[in-house]
Amino acid sequence: MRIKPFQKRYTVPGDKSISHRAVLFGAIAKGKTYIDGFLHGEDCLSTVSCLRQLGVDIQMENESSLVIYGQGVEGLQSPLKPLDVGNSGTTIRLMLGILAGTKVSAVLVGDDSIARRPMSRVVEPLRLMGAQIEGREHGRFTPLTVQGSRLSGTHYNSPIASAQVKSALLLAGLQAEGKTVIRETIHSRNHTEMMLPGFGVEVITNGLEVMVPGKQSLIGTHVKVPGDLSSAAFLWAAALMVPGSRMTVEDVGINPTRTGILDVFVQMGATVEIEQTGVWCNEPIGNVTVYGDDLKGVEIGGTLIPRLIDEIPILAVIAAQANGRTIIRDASELKVKETNRITTTVMELQKIGVNISETEDGMVIEGGNEIQGGMCSSHGDHRIGMALAIAGLAARDGVRVNGAEAIKVSFPSFESIITQLSV
Ligand code: S3P
């Protein structure tokens, strides 16, 4: 059922990438770390529960404020049971980087989606530093066992633009002997590099290279988490799907390594108004308003892709309504997200009447036709579930999303906001 045009302002929950980092860094710092705006979503709660199993004292003052009583990496203890990261790739990959250089031994497991996701991208370079990590299929998949050991710094050319890989190596590098340098081919999100200096750590960035000297300790601090641009993207998309609407998201992170979707909105002919209102812990934040009718299809690829990798499912939905063809290239990384997001996006949008097809490294959408609607599935993937729900706002017959509970992973208040838009 198509909904009526709206003009709304919202804040969204805290950034998922930044929330994970804040609690992980606080846990290995010495002294108290306060976090405000922490994302109380399932992924970040998995990080908290793994850290508690490692003996870290984390107190929740309320849903979005935490205090961590850090005792440094030396304070971490071997857990009695496997650490369960749930659905969270960031938790397991960054945790491997942290545990590799400690005295801890631990087993790491996750859900069925995690069991299918490649871990060799972090396991192999960590082994080059001296890490002792074993696991299914020679450590390519969970369950993984890490036996903390002495590490030496490395110079690693990362073949993929992945902030999880970069962050895991930087965290291992902090405990290693000598310096660690990571060189990327394309910039991935830089939240780790932005946050570590606040914990008293030296990080030097030079173009596509990031360096940390070894043997550094972190000191507790205060982190204020910006709203998650990747959650805000669904609200802006709602405004673009319902012509005549306008959506402002306040206090949202606008780090340039994340704002690719806003550039694409502009390329499609939408209006994007960005008012920067501050900088929280090195991260620019602002109020961002999006509106626009009569959008047109776009061709995207290359260095833009890592800047909007998590927004591609919702971009496909907007493209379905834009006039003309949209082509998304160079996005093979989507195949190893919570689901194979090329396949799940294409399969589910086809079910509700979108003319979309899969390519080797992306998808092609023929836009401009009415979305019919019907039954579809999130496949247990939060971003697929939200993208389909937004498609429903403009669909002739509405959309019913099975497996919508997955949305709790990153945006627990999504359903209530969408319900408010629909009345
Ligand atoms: C994340 C990095 C990205 C992103 C994921 C969160 C992070 O993954 O897709 O949702 O917090 O570092 P990659 O690093 O694998 O690209």
Side-chain angles (χ1 to χ4, degrees), residues 13-25 38-39 41-44 46-47 85-98 110 113-114 116-126 156 158-172 182 184-196 208 210 223 225-226 228-234 253 255 257-261 283 303-315 330-342 344-345 361 381-387 406-407 409-411:
D15 187 276
K16 183 155 80 73
S17 293
I18 297 176
S19 295
H20 280 302
R21 285 160 174 78
V23 67
L24 285 165
F25 300 174
F38 183 77
L39 169 60
E42 283 186 353
D43 266 11
C44 297
S46 294
T47 299
V85 304
N87 191 241
S88 177
T90 305
T91 309
I92 192 163
R93 295 192 177 119
L94 272 59
M95 193 66 90
L96 283 171
I98 287 176
S113 156
I114 280 290
R116 288 191 294 269
R117 298 183 69 183
M119 294 299 145
S120 38
R121 54 182 57 202
V122 284
V123 170
E124 279 172 15
L126 285 172
Y156 186 67
S158 182
I160 33 180
S162 162
Q164 293 176 357
V165 172
K166 177 175 60 178
S167 303
L169 299 185
L170 289 173
L171 290 166
I182 297 122
E184 297 190 289
T185 47
I186 302 179
H187 280 291
S188 64
R189 64 189 65 188
N190 64 359
H191 304 302
T192 297
E193 302 91 295
M194 290 293 118
M195 194 184 292
L196 279 175
L208 288 161
V210 191
V223 180
V225 182
D228 196 330
L229 180 136
S230 293
S231 299
F234 293 101
N255 177 320
T257 62
R258 294 283 297 280
T259 51
I261 190 70
E283 295 279 350
T303 55
L304 178 63
I305 296 298
R307 295 181 56 233
L308 50 57
I309 190 74
D310 292 340
E311 283 63 76
I312 291 178
I314 188 60
L315 176 59
D330 304 323
S332 301
E333 269 298 298
L334 285 180
K335 296 180 186 171
V336 291
K337 295 294 177 190
E338 284 81 334
T339 56
N340 176 336
R341 284 185 178 157
I342 298 184
T344 47
T345 301
D361 63 351
D381 184 331
H382 55 128
R383 299 204 198 278
I384 300 294
M386 288 187 279
I407 294 170
V409 157
S410 64
F411 196 170

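Numbering of ligands and ligand atoms starts at 1, following listing order.
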Please state which part of K337 comes within less than 4.0 Å of ligand 1, counting heavy atoms only: side chain, backbone, both or neither. side chain

Tightest non-hydrogen contact, residues V122 and A168, listed as CG1-CB, 3.7 Å

If I apply the N/O under 3.5 Å rule, does E333 come out as touching ligand 1? no

Between D15 and R258, does the salt bridge (Lys or Arg N to Asp or Glu O under 4.0 Å) criterion hold? Intermediate values first, please. CA-CA 11 Å; D15 187 276; R258 294 283 297 280; 2.9 Å; yes

Taking every non-hydrogen atom, the tightest pair across C44 and F38: CB-CZ, 3.6 Å

I'd like to know if R21 contacts ligand 1, where contact means a heavy-atom distance under 4.0 Å to any ligand atom. yes

If we ignore hydrogens and angles and just use 3.5 Å, is the side chain of S167 paired with the main-chain N or O of L94 as donor and acceptor? no

Location of contacts on R189 toward ligand 1, heavy atoms closer than 4.0 Å: side chain

S410 and H382: side chain donor to acceptor below 3.5 Å: yes

Among all protein heavy atoms in this structure, tell me which lies nearest to atom 15 (O) of ligand 1, with the distance rounded to 0.1 Å. S162 OG, 3.3 Å

Applying side-chain hydrogen bond (donor to acceptor under 3.5 Å, both in side chains) to T91 and T47, what does each step give before you reach the verdict? CA-CA 6 Å; T91 309; T47 299; 2.7 Å; yes

Going by the atom numbers of ligand 1, which of them fall below 4.0 Å from some non-hydrogen atom of S17? 1 (C), 6 (C), 7 (C), 11 (O)

Do ligand 1 and Q164 have nitrogen or oxygen atoms that lie under 3.5 Å from each other? yes

Only one of K166, Q164, R21 clears side-chain hydrogen bond (donor to acceptor under 3.5 Å, both in side chains) with T192; which? R21

With respect to A163, determine whether any N or O atom, backbone or side chain, lies less than 3.5 Å from an N or O atom of ligand 1. yes

Keeping S19 on the side-chain end and L39 on the backbone end, is there a donor-acceptor pair under 3.5 Å? yes

Honestly, for H20 the part within reach of ligand 1 (heavy atoms, under 4.0 Å) is neither

Counting from 1, what ligand 1 atoms have a heavy atom of D310 closer than 4.0 Å? 4 (C), 5 (C), 9 (O), 10 (O)

With heavy atoms of T90 as the reference, note each atom of ligand 1 found under 4.0 Å away. 1 (C), 6 (C), 7 (C), 11 (O)

